[in-house]
Every structure is written in C-alpha cells, then in structure tokens.
Amino acid sequence: MSPIITRLKRLDIATYAPFIALLILIVFSSIASEHFLMPRNITNVLRQVSYTGIIALGMTFVIIAGGIDLSVGSMVALVGVLSIMIINGVGDGWWAVAMAVSSAIALGGVFGAINGLIITRGRVASFIATLATMSIFRSMTLYISDAGEVVSENNKFAEIGGGYLWAIPYPVWIFLLLAIAYHIVLKHSAFGRHVCAVGSNSKVASYSAIKVRWVYFLTFLIAGLSVGIAAVLLASRLNSVSPGDAGLFYELDAIAAVVIGGTALSGGKGTIWGTVIGAIILGIINNMLNLMGISPYLQGMVKGMVILTAVLVQFKGDR
C-alpha cells in the first residue's frame, strides 16, 4: 500500500469535514448561479457573515468549555440601542463615535459577566441562565426604546459598518483580526488549554489546579465582548436599531456556525478557524437560496439539515 493512501486513511475526517464542505459548496454555488462569484456578491456575503461570525468566535470558547449562551441575540439588540442612545447624547463628531464604540464593547462585557456570575456563583445551568437573560435583555431593549426604532443622529457613525479598506468592508477585517487573536488565545496560551480541559472534564481540571469557575466565567465574558463588537458594527451599518428584530435568532446562527465548524457540543475540543468556516458556510447557503429564488421560509429547514449533518459527522469521527 502506498504511503499516500496510508496517510489518507489516517486523516480525521471530522477535522477536515468543514473545509471540504466549504470547497464543495463554493463549487456547487458557482455552477448553480453565474452571479455567485461576482465581487459584489462575495463582499455582501462576507459582510453579512461577519456580524454573526464575530459572535460565533466568542461562542466557541463557551461551547468548548461545556456551556451555551442563548442570550447573545437579545444582547446585540440591547447593546445596539444603548450605543446609539449614547452617541446621540454625546453629540456629533468622531469623539461621540469613539464613546459609542467603547461603551458598546464595555456593555457587552458587563452583560457577559452577568451571565458568567449567574452561572458560576449562582450555580445555574448555562442553558437556563442564558435563556432567562435572553428574555430579560430583549424586554429591557423594548422598554428603553419604547419598542420603536432608535436612529443615530451622527453621520460619521455609519462609516464604521459601511466603510471599506482595499475594497473589503471594515466588519470583514475586524472579523478576520478577531479570528486571528482568538486562535492565538485558544491554541497558544495557557487559558486556551484550560478552556479545553474544563470542557473535557471539569473535575479532572480542578484536580490539576485549574480554576474551573474562573475559566468558565471568562468564556462568557469573551462572548459578551464579542457581542459588543458585533452590535456596534451592526448598528453603524444600518445607522439604527430595531429593538424587536435586531439580533433575532443570532444565537442560533452563532451556535450553528460553531457546530458546523467542528466544535463538539459536549465541550472539550474545537477550533476558531472551524467556526470561521462554519459561519461562511451558513452565509453561502443563505445567499444561494436567495439567488436561486427559493422561499425564505425554507432557509431554516436547510440550515437545520446542515447542523444535523455536522453533528452526525462529529459523532462518526468520535467513534
């Protein structure tokens, strides 16, 4: 038997499945629609992917540690509304934009820390805790905005989400830079190793002198900071926030991107670049369904089938 065939047999299919699926999807999409490979379409896909993708990057840490965060969608709406209120209160100019951006990131961190404290100090399961805060954050958003659209009065604010650098939108650059930073943290730092250890077996991790609750708390803090960044980008792109619709189902898209990217829902293993690929796969699927004129009501069904396939591939790879 040749060495090449031997190496191919030793490859972990589950590890490379997201990348292979992405390549197949790109080839199929380019054949199915002549508009898919147009630069403007690719740019739009990457821009749309960047918002939920940034959230998914933070969600990766949470899921690898064995948790889940269902509140990120409602958190996007709340942070977005508050950031526009801050910028309208400060006034015009780049100083107001800087205040809004820094406040959004800080607020995301605070809300993420609240989730982390409820889970680690209150000893509430992450599913239950974030399910509750999902409702709380959305209700707060509707209350402070009187359920009406909040519009920015600062013209410069829109340049953050709508600007370009070398023909590539700012959100895409931020998504890429965050992915690089998070990859370094996850794969090349003690904290990243501790996150994987906690997700694999929290009791064994505690016996290894790892501060399990502290590590678990920090993953929700990272998720909150990621939401703050995504929220300000989304709000600046539209220059407004609709409290009832903003961030709707973003938690599902973020979790789907993480799972499609190969991160185990049971925790313990996962990669940032897998999440990036998973987010792009979801973006391409949505884009192709639109280009092919398929009903938007079927997009959820297709997305669900993709998630099930990803989970089945993971299960087969773990056996």
Side-chain angles (χ1 to χ4, degrees), residues 51-82 104-144 178 182 186 195-196 198-199 202 212-232 234 241 243-261 263-268 270 272 275 278-279 282 300 303-304 307 311:
Y51 304 123
T52 53
I54 289 172
I55 299 172
L57 295 178
M59 185 75 74
T60 304
F61 286 90
V62 174
I63 293 180
I64 291 177
I68 198 78
D69 192 343
L70 301 177
S71 68
V72 292
S74 298
M75 198 187 300
V76 165
L78 180 56
V79 173
V81 167
L82 290 174
I105 297 174
L107 286 169
V110 169
F111 296 144
I114 290 173
N115 282 336
L117 288 173
I118 294 172
I119 293 164
T120 58
R121 295 297 180 183
R123 299 185 181 276
V124 180
S126 60
F127 180 88
I128 300 300
T130 56
L131 183 65
T133 54
M134 176 179 70
S135 178
I136 293 170
F137 292 155
R138 182 68 66 177
S139 180
M140 290 174 60
T141 305
L142 293 170
Y143 176 76
I144 63 177
L178 279 177
Y182 284 11
L186 182 61
V195 170
C196 295
V198 169
S202 59
V212 173
R213 288 200 295 177
W214 176 243
V215 171
Y216 204 44
F217 168 81
L218 287 178
T219 62
F220 285 92
L221 177 61
I222 292 172
L225 292 172
S226 302
V227 169
I229 296 171
V232 75
L234 184 64
V241 174
D245 298 332
L248 196 62
F249 298 130
Y250 274 28
E251 62 276 1
L252 300 182
D253 287 342
I255 294 171
V258 175
V259 173
I260 292 171
T263 298
L265 276 173
S266 57
I272 292 297
T275 297
L282 287 177
K303 191 180 298 181
I307 296 171
V311 173

Item to complete: Run the numbers on F220 and S126 for side-chain contact (heavy atoms from CB on, under 4.5 Å), then give the verdict.
Response: CA-CA 10 Å; F220 285 92; S126 60; 3.8 Å; yes
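- Residue M75 comes nearest to G108 through the heavy atom pair SD-O, 4.0 Å, listed as atom of the first residue, atom of the second, then distance.
- You'll find the side chain of F111 reaches within 4.5 Å of the side chain of L78, heavy atoms only.
- Distance check, rounded to the nearest 0.5 Å: OG of S74 to CE of M140 gives 11.0 Å.
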Fill in: Chi angles and distances behind the side-chain contact (heavy atoms from CB on, under 4.5 Å) call for L57, I272
CA-CA 6 Å; L57 295 178; I272 292 297; 3.6 Å; yes
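- Counted by atom type alone, T275 and Y182 present zero donor-acceptor pairs between their side chains at under 3.5 Å.
- In terms of heavy-atom proximity, A257 sits nearest to A56 at CB-CB, 4.0 Å.
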Worksheet item: Given the rule in the side-chain contact (heavy atoms from CB on, under 4.5 Å) test, do Y250 and I55 qualify, once you have shown the distances and angles that lead to the verdict?
Response: CA-CA 8 Å; Y250 274 28; I55 299 172; 3.7 Å; yes
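- Atom CG of L218 sits about 9.5 Å away from atom OG1 of T120, to the nearest 0.5 Å.
- Separation of atoms OG1 (T219) and CG (N115) is listed at 10.0 Å; rounding is to 0.5 Å.
- With values rounded to the nearest 0.5 angstrom, I63 atom CD1 is found 9.0 Å from D69 atom CG.
- Distance check, rounded to the nearest 0.5 Å: CD1 of I114 to CG of L221 gives 11.5 Å.
- The minimum heavy-atom distance between L70 and T130, with the atom names listed, is N-OG1, 3.1 Å.
- The shortest heavy-atom contact between A77 and P243 is CB-O, 4.1 Å.
- Although no hydrogens or angles enter the test, the distance criterion places no donor-acceptor pair under 3.5 Å between the side chain of R213 and the main chain of I119.
- Across all their heavy atoms, L186 and G270 have their closest contact at CD2-O, 3.8 Å.
- Closest non-hydrogen pair, A104 versus V79, comes out as O-CG1, 3.5 Å.
- Atoms CG and OG1, from L131 and T133 in turn, are 8.0 Å apart once rounded to the nearest 0.5 Å.
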Discussion item. Test side-chain contact (heavy atoms from CB on, under 4.5 Å) on V258 and V62; report intermediate values, then the result.
Written reply: CA-CA 10 Å; V258 175; V62 174; over 6 Å; no
